[in-house]
Amino acid sequence: QVQLVESGGGLVQAGGSLRLSCAASGRALSSYGMGWFRQAPGKERDFVAAISWNNVRTYYADSVKGRFTISRDNAKNAGYLQMNSLKPEDTAVYYCAAKRFLTQATRVDEYDYWGQGTQVTVSS
């Protein structure tokens, strides 16, 4: 079992930046791919970014390409999502997720473990 806990959300003005963290416990993250998803009120949970278990590949939703960067630090057993040039439409609850030996996954049902989410609110 892997437990994931997100942090770093908050209120920021449009154009600002936030860095989300995803702390893992229970298992070493080094063999897990990680993803970030977001869910706005009344909407489905959407893919944001993912990184393969071996750090070889990263994937981004078109809406965040060039603004968000996913990374991980296996020594700290944590993953991160650096979000720059934030827009009001980025407002959502952000979730991190993990799956062992994940190489590429953009669907919610492809991940086995989820955090509880952290709220990001971008004001205009």
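We use all heavy atoms of the structure for the numbers below, so side chains are in, but hydrogens, waters and symmetry mates are not. Just so you know, residue 1 is the first one in the sequence shown, and it goes up from there. Here the structure is a predicted model, which is why all the values come from computation and not from measurement.
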Quiz prompt | Joint hydrophobic cluster, I70 plus V93, side-chain heavy atoms closer than 4.5 Å | solution = no
Exercise. Answer yes or no: is there a donor N or O on one side and an acceptor on the other, between the side chain of R67 and the main chain of S85, under 3.5 Å?
Key: yes
Exercise. State, yes or no, whether a side-chain contact exists between Y113 and Y32 at a heavy-atom distance under 4.5 Å.
Key: yes
Quiz item: Which pair of non-hydrogen atoms, one from S123 and one from L11, has the smallest distance, and what is that distance?
Solution: CB-CD1, 4.3 Å
Quiz item: Should the pair K87-D90 be classified as a salt bridge under the 4.0 Å nitrogen-to-oxygen rule?
Solution: no
Practice problem: Say whether, by atom type as modelled, one donor and one acceptor occur between the side chain of D112 and the main chain of Q1 under 3.5 angstrom. | Solution: no
Quiz item: Do D73 side-chain atoms and A78 backbone N/O form a donor-acceptor pair below 3.5 Å?
Solution: no
Exercise. Take W114 and V108 through the test side-chain contact (heavy atoms from CB on, under 4.5 Å) and record every step on the way to the result.
Key: CA-CA 10 Å; W114 291 86; V108 169; 3.6 Å; yes
Exercise. Check N55 against N74 and note the closest heavy-atom contact, atom names and distance.
Key: ND2-ND2, 4.3 Å
Exercise. Answer with yes or no after comparing the ring centroid distance for F37 and Y111 against a 6.0 Å cut-off, counting only values under it.
Key: yes
Quiz item: If you look at every heavy atom in Q82 and S17, which pair is closest and at what distance?
Solution: NE2-CB, 4.0 Å
Quiz item: Are V64 and R38 side-chain neighbours, meaning at least one heavy-atom pair lies under 4.5 Å?
Solution: yes
Practice problem: Enter the distance from W53:CH2 to T103:OG1 here, rounded to the nearest 0.5 Å. | Solution: 10.0 Å
Quiz item: Would you say I51 and L102 are hydrophobically clustered, going by side-chain heavy atoms of ILVMFWY under 4.5 Å?
Solution: no
Practice problem: To the nearest 0.5 angstrom, please state how far the NZ atom of K99 sits from the CD atom of E110. | Solution: 8.0 Å
Self-check item: Shortest non-hydrogen separation from L4 to A98 and the atoms involved
Solution: CD1-N, 3.9 Å
Practice problem: Any chance you could measure L81, atom CG, to S71, atom OG, to the nearest 0.5 Å? | Solution: 8.0 Å
Exercise. Quick one: do Y80 and R19 satisfy side-chain contact (heavy atoms from CB on, under 4.5 Å)? Show the steps, please.
Key: CA-CA 7 Å; Y80 306 96; R19 187 192 193 208; 3.5 Å; yes
Practice problem: Answer yes or no: is there a side-chain heavy-atom contact under 4.5 Å between E6 and Q116? | Solution: yes
Quiz item: CE of M83 to OG1 of T69: how many Å apart, nearest 0.5 Å?
Solution: 11.0 Å
Practice problem: Could you grab the distance from atom OH of Y59 to atom CZ of F47, nearest 0.5 Å is fine? | Solution: 9.0 Å
Self-check item: Distance (rounded to the nearest 0.5 Å) between T58 OG1 and R72 CZ
Solution: 12.0 Å
Quiz item: Looking at side-chain heavy atoms only, is the closest gap between T106 and Y60 below 4.5 Å?
Solution: no
Exercise. Check S124 against P88 and note the closest heavy-atom contact, atom names and distance.
Key: CB-CG, 3.9 Å
Practice problem: Using the six-membered ring of Y95, assess whether NZ or CZ of R45 lies under 6.0 Å from its centre and within 45 degrees of the ring axis. | Solution: yes
Practice problem: Sorted by first residue and then second, give each disulfide (SG to SG under 2.5 Å) pair with at least one member in residues 84-124; sequence neighbours left out. | Solution: C22-C96
Quiz item: Side chains of T91 and Q119: does their closest heavy-atom pair fall under 4.5 Å?
Solution: yes
Exercise. Check A24 against V2 and note the closest heavy-atom contact, atom names and distance.
Key: CB-CG1, 4.3 Å
Exercise. Not counting sequence neighbours, list each pair that qualifies as a disulfide (SG to SG under 2.5 Å) and has a residue in residues 41-95.
Key: none
